[in-house]
Amino acid sequence: YPSGDIHMGHFRNYTMTDAVARKKMMEGRQVLHPFGWDAFGLPAEQAAIKRGMHPHDWTLANIAQSKATLQKVGISFDWTREVASCFPDYYKWTQWLFIQFFKHGLAYRKESEVNWCDHCNTVLANEQAAGGICWRCESPVGRKALTQWYLKITAYADRLQDDIDTLKGWPENLKTLQRNWIGRSTGAEIEFRLEDGTKIPIFTTRPDTIYGVTFMAIAPDAPLLSTLAIPDRHRPAIDAFVAKMRRQSSVERMAEAEREGVDTGVTVVNPVSGEKIPLWVADYVLAGYGTGCIMAVPAHDQRDFEFARKYGLPIRPVIRTGDTLSAGDAIEAATSDYGVMANSGPFDGLAGQAGVDAVIAQLEKEGTGRAQVQYHLTDWLTSRQRYWGAPIPMIHCPTCGVVPVPEKDLPVELPAGEIKYLPTGRSPLADVPEYMTVTCPTCGKEAQRDPDTMDCFVCSSWYFLRYLDPHNDSALFERKKAASWLPIDCYIGGITHATGHLIYFRFFTKFLKDIGWLTVDEPAINMFNHGMVLDGEGRVMSKSKGNVVSPIDLMARYGVDPVRLTMFFAAPGDREVLWGDAAHAGLVGAERFLLKVERFVADAREAVGTQTVDPETRFDPDSLTAVERDAYRKLHETIAKIDRDFEALQLNTHTAAVMELVGTLGSGADLRPELRFVCAAAIARLLAPLTPHLAEEWWEVLGFGPTVFRAGWPQVDQAALPAATMVIAVQVNGRLRGQVTVASDAPESVVVAAAEADAKIAPHLSGDRIKQIYVPGRLINFVVRLRK
RNA sequence: GCCGGAGUGGCGGAAUGGUAGACGCCAGGGACUUAAAAUCCCUUGUUCCGAAUGGGACGUGCCGGUUCGAGUCCGGCCUCCGGCACCA
């Protein structure tokens with residue numbers, strides 16, 4: 001989002017993708033490392049309004065500023081593929097996609113209770129109102145009945161849930177977040193009936209508890225409630241209760257410790273047992289989940305239990321989990337475990353899933369219910385009453401109804417210039433007559449444009465596809481380019497988008513596959529969540545707290561590469577980094593180390609004079625001195641270790657390994673010049689993904705050109721790895737007692753003999769030797785029983 | 001409440017079931033220098049025994065278990081961080 005200049009979090013994210021891109025380039029791969037601006041929508045517009053600037057002007061200025069900073073950091077983005085979602089050549093295709101959704105019945109309008117932020121003056125998607133708090137301004141979210149545009153993501157709920165299992169390269173916690181957010185539960189829809197025949201459907205995951213239903217409960221804001229014939233004497237109490245609930249925000253209602261409700265005076269019939277039970281209005285029933293109405297089983301649901309206790313409603317256990325079934329008035333809490341059905345007429349004795357299935361079969365036979373699946377995921381509310389967004393490409397015609405803008409007329413450009421763009425609660429575009437008034441593409445009569453704009457997450461659900469073909473003005477992208485590049489091999493981002501963007505972009509990918517544009521089911525096979533950058537006290541950096549550290553200031557003081565190296569070295573990539581005084585002390589270490597490398601490189605170059613040495617030169621270990629052999633081995637051990645660490649983005653141990661190598665080599669003065677040079681050339685390349693500017697410089701000092709990033713990645717020389725001797729740790733009864741040095745091909749018997757001959761170890765071995773465990777090359781453990 | 005993740009020196013952190021604390025920072029000591037900076041070298045978990053080379057005990061949030069051997073595996077807790085949250 002261009003909502004401010006680059007901060008340490010961006011710095012960490014992009015230096016990580018940069019390290020990956022550069023290493024893969026050095027390995028000879030084709031790398032597409034693109035960048036784009038999520039420049040439409042609330043974040044950019046709010047930032048602009050705060051500064052009293054037009055969103056267009058502010059966004060462009062901010063993009064220029066941020067881009068300059070990113071280039072200073074040396075991120076290897078392919079700027080020829082840069083995209084920005086606020087430009088017509090991009091949002092033309094956002095609009096085109098919206099029309100495809102519409103044509104396939106997946107974009108639709110409906111009236112319902114929506115999330116409304118009074119501060120931002122717009123509706124919000126569920127994902128943007130999590131916990132009842134607006135994702136941008138953090139004020140409480142209210143409700144409003146409005147007609148809005150939705151994308152039917154629920155049509156993909158099953159595939160979005162099931163295919164999580166195919167995402168082998170995604171972190172487990174991210175997958176769990178998505179599973180919970182999609183929130184599939186299986187059960188049954190069951191129709192209870194009023195005595196006049198009116199159907200009251202409910203959803204339950206536990207049809208096997210149906211004989212334990214002692215009342216029903218409906219949400220205060222459920223539309224069904226207002227259509228019920230409620231006895232006059234109950235009317236005033238219900239109206240008062242509903243009015244009270246309406247005044248409370250969702251946050252307040254959740255905070256309410258005690259459950260509350262009112263009897264409607266209406267009687268309902270249980271379709272399985274035939275029993276007559278009362279219908280209550282209850283504050284703990286949600287209008288937005290299931291049918292807005294529940295069957296209450298106090299013995300087996302804790303919320304129903306508490307409600308029943310408070311209002312003196314019967315509690316009847318019908319699931320036996322132990323030997324006996326407690327009486328309802330004796331139990332202290334509901335038990336929701338599966339068990340054996342009891343007090344359940346013909347179903348008595350059925351256990352667990354068998355009971356669930358039997359009840360569903362009965363319901364289906366009687367036509368009073370059926371197996372059903374429910375999701376926490378709801379359709380995605382995508383229209384916004386704001387100026388700065390992609391206009392919804394739809395026309396409202398009095399004769400033809402809702403008609404999409406013909407594709408040849410795209411993009412529908414956002415009016416520029418003297419527009420009153422400040423949010424008022426209705427779209428600012430509605431007040432621009434020359435924008436609003438159009439002719440209907442179907443009948444040619446006068447019609448109105450849709451005044452709303454799209455949620456910025458629509459724009460950002462497909463940006464990764466535009467990178468493949470960013471300048472194509474006749475299609476979203478060329479299909480064969482997508483077929484060759486996708487899926488994304490490496491996606492690095494924060495966990496914050498777990499239940500928003502990272503579900504939406506999977507949804508778009510599946511849709512585009514279904515309509516023939518893509519060949520993949522999933523956009524990204526490998527996902528890496530980098531840790532956050534916090535301040536020294538572990539707090540989020542924010543302007544209001546005044547604890548923001550600017551990478552620009554640090555780079556000016558220390559240079560870019562020491563800052564990059566310090567960030568990589570601070571922690572493994574997936575862990576958070578506290579960027580406080582300790583991190584600044586770390587900068588000193590990075591600076592020292594890089595200066596040391598610089599000297600090593602310069603000295604190595606000087607040692608070989610004008611001679612040219614192939615950086616991949618192999619040495620026969622037998623022809624080297626002992627010191628040289630150790631140095632050569634250490635070099636190749638380091639290359640091997642880095643190859644392992646890098647794949648897991650453990651750039652902290654990558655850095656440590658190079659530091660250790662440089663420490664071991666010392667000045668390099670005791671190495672023959674060719675070997676010294678080969679070590680220097682390897683070090684320069686091993687550091688190149690992390691400190692690209694310095695590595696490039698070193699590469700030139702060594703006499704090469706034009707770029708280290710086409711110089712290939714150092715390859716392990718297996719011949720360098722075997723050592724002449726090995727150090728074996730000696731344990732007695734699992735306790736370390738010393739170590740012995742033996743020839744590296746020594747058999748176990750030689751190790752045992754060496755241990756027995758060692759003056760420090762031998763005293764511990766007196767006693768009955770029961771057994772010995774030898775771990776070749778590492779350790780030997782003697783199990784000894786001491787004689788008394 | 002449910003779901004994830006994490007607890008290791010003064011600090012950031014390292015450790016395929018096999019020598020806990022790599023690497024770096026800080027701190028202390030030394031070399032070089034007229035001096036300083038820079039650089040290089042050494043020490044640096046706690047504790048006990050010893051004049052000393054040295055040796056012992058304890059130590060990865062807590063309690064138990066498996067194992068020749070556990071920071072790592074298993075069971076039961078505690079604390080912190082994050083996500084979702086009256087989801088029927």
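Values in this document were obtained by computation on a predicted structure and should not be read as measured data. In what follows, chains are A, B, ... by sequence order, proteins preceding strands, each numbered from 1.
The side chain of K596(A) lies closest to rC40(B), out of rA57(B), rG83(B), rC40(B). Each of rA88(B), rA22(B), rG4(B) was ranked by its minimum atom distance to the side chain of L286(A); first place goes to rA88(B). Looking at the side chain of R737(A), the nearest of the listed nucleotides rG83(B), rG56(B), rA22(B) is rG56(B).
rG83(B) atom P lies 12 Å from atom CD1 of I133(A), rounded to whole Å. Look at CD1 on I182(A): it is 19 Å from P on rG83(B), rounded to the nearest Å. Distance F215(A) CZ to rA88(B) P: 16 Å, rounded to the nearest Å. Distance CE (M659(A)) to C1' (rG13(B)): 12 Å, rounded to an integer number of Å. Whole-Å rounding puts the L502(A) CG to rG83(B) P distance at 15 Å. Between the OH atom of Y289(A) and the P atom of rC84(B) there is a distance of 17 Å, rounded to whole Å. Here rG82(B) presents its P atom at 14 Å from CD1 of I495(A), a figure rounded to the nearest Å. If you measure from atom CG of D301(A) to atom P of rA88(B), you get 9 Å, rounded to the nearest angstrom.
For N126(A), the side-chain hydrogen bond (donor to acceptor under 3.5 Å, both in side chains) partners are N115(A), T378(A), not counting sequence neighbours. Y211(A) is linked by a side-chain hydrogen bond (donor to acceptor under 3.5 Å, both in side chains) to nothing, counting only residues two or more places apart in sequence or in another chain. Partners of T725(A) by side chain to side chain contact (heavy atoms under 4.5 Å, CB included), not counting sequence neighbours, listed by chain and number: T741(A). Residues forming a side chain to side chain contact (heavy atoms under 4.5 Å, CB included) with A657(A) (at least two apart in sequence, or on another chain): T638(A), K641(A), I642(A). Shown here are the side chain to side chain contact (heavy atoms under 4.5 Å, CB included) partners of T291(A), two or more places apart in sequence or in another chain: E189(A), P201(A), I202(A), C293(A). Not counting sequence neighbours, the partners of D630(A) by the salt bridge (charged side-chain N to carboxylate O under 4.0 Å, His left out) test are R633(A). Residues passing the side-chain hydrogen bond (donor to acceptor under 3.5 Å, both in side chains) test with Q718(A), sequence neighbours excluded: none. Applying the side-chain hydrogen bond (donor to acceptor under 3.5 Å, both in side chains) rule to T214(A) yields no partners; only residues at least two apart in sequence or on another chain are considered.
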Please write out each protein N/O paired with an N/O of nucleotides 30-33 of chain B under 3.5 Å, distance rounded to 0.1 Å.
none

Please produce a list of atom pairs where a protein N or O lies less than 3.5 Å from an N or O of nucleotides 58-61 of chain B.
residue, atom, partner, partner atom, Å
rC58(B), OP2, R735(A), NH1, 3.4
rC58(B), OP2, R735(A), NH2, 2.4

Q: Check the pair V549(A) / V533(A) against side-chain contact (heavy atoms from CB on, under 4.5 Å), numbers first and verdict last.
A: CA-CA 10 Å; V549(A) 178; V533(A) 180; over 6 Å; no
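The aromatic rings of W280(A) and Y311(A) sit tilted relative to each other, their planes meeting at an angle between 30° and 60°.
For rG9(B), the base is syn relative to its sugar; the glycosidic angle is within 90° of 0.
The residue R179(A) sits apart from the nucleic acid: no heavy atom pair falls under 4.0 Å. Here S667(A) lies out of heavy-atom contact (under 4.0 Å) with every strand. If you check every strand for non-hydrogen atoms under 4.0 Å, R644(A) touches nothing. Counting any heavy atom pair closer than 4.0 Å across all strands shown, G183(A) reaches no nucleic acid atom.
Checking side-chain atoms of Q302(A) against main-chain N and O of A334(A) turns up a donor-acceptor pair under 3.5 Å. Side-chain atoms of H764(A) never come within 3.5 Å of backbone atoms of R737(A) as a donor-acceptor pair (strictly under, hydrogens ignored). A distance-only check finds no donor-acceptor pair linking the side chain of D208(A) to the backbone of G355(A) [under 3.5 Å].
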Q.
Let's test your reading of the pairing rules: Watson-Crick or G-U wobble, both distances under 3.5 Å, then write RNA chain B as a dot-bracket string with ( ), [ ], | and dots.
A. (((((((..(((.....[....))).(((((.......))))).(((((....)))))..(((((..]....))))))))))))....
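Separation of the P atoms belonging to rG21(B) and rG9(B) is 14 Å when rounded to the nearest angstrom. Comparing the same atom, P, in rG13(B) and in rC48(B) gives a spacing of 31 Å after rounding to whole Å. Comparing the C1' positions of rA70(B) and rU79(B) gives an interatomic distance of 22 Å, to the nearest angstrom. Remark: the separation of the P atoms in rA6(B) and rG17(B) is 15 Å, to the nearest Å. Look at the P atom in both rG12(B) and rG61(B): the space between them is 14 Å, to the nearest Å.
For W579(A) and F11(A), the distance between ring centers is not under 6.0 angstrom.
Mapping L174(A) and R206(A) onto RNA chain B via the closest heavy atom, the residue that lands nearer the 5' end is L174(A). Toward the 5' end of RNA chain B, the nearer of the two residues N180(A) and I294(A), judged by each one's closest nucleotide, is N180(A).
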Q: For each nucleotide in nucleotides 14-20 of chain B, reading 5' to 3', give B when a protein heavy atom comes within less than 4.0 Å of its base, S when such contact involves only the sugar-phosphate, and - otherwise.
A: S---BB-
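R206(A) forms a cation-pi arrangement with Y338(A), by the criterion of a distance under 6.0 Å to the ring centre and an angle within 45° of the ring axis.
Applying the 6.0 Å contact sphere to NZ of K310(A) captures more than 12 heavy atoms from other residues, nucleotides or ligands.
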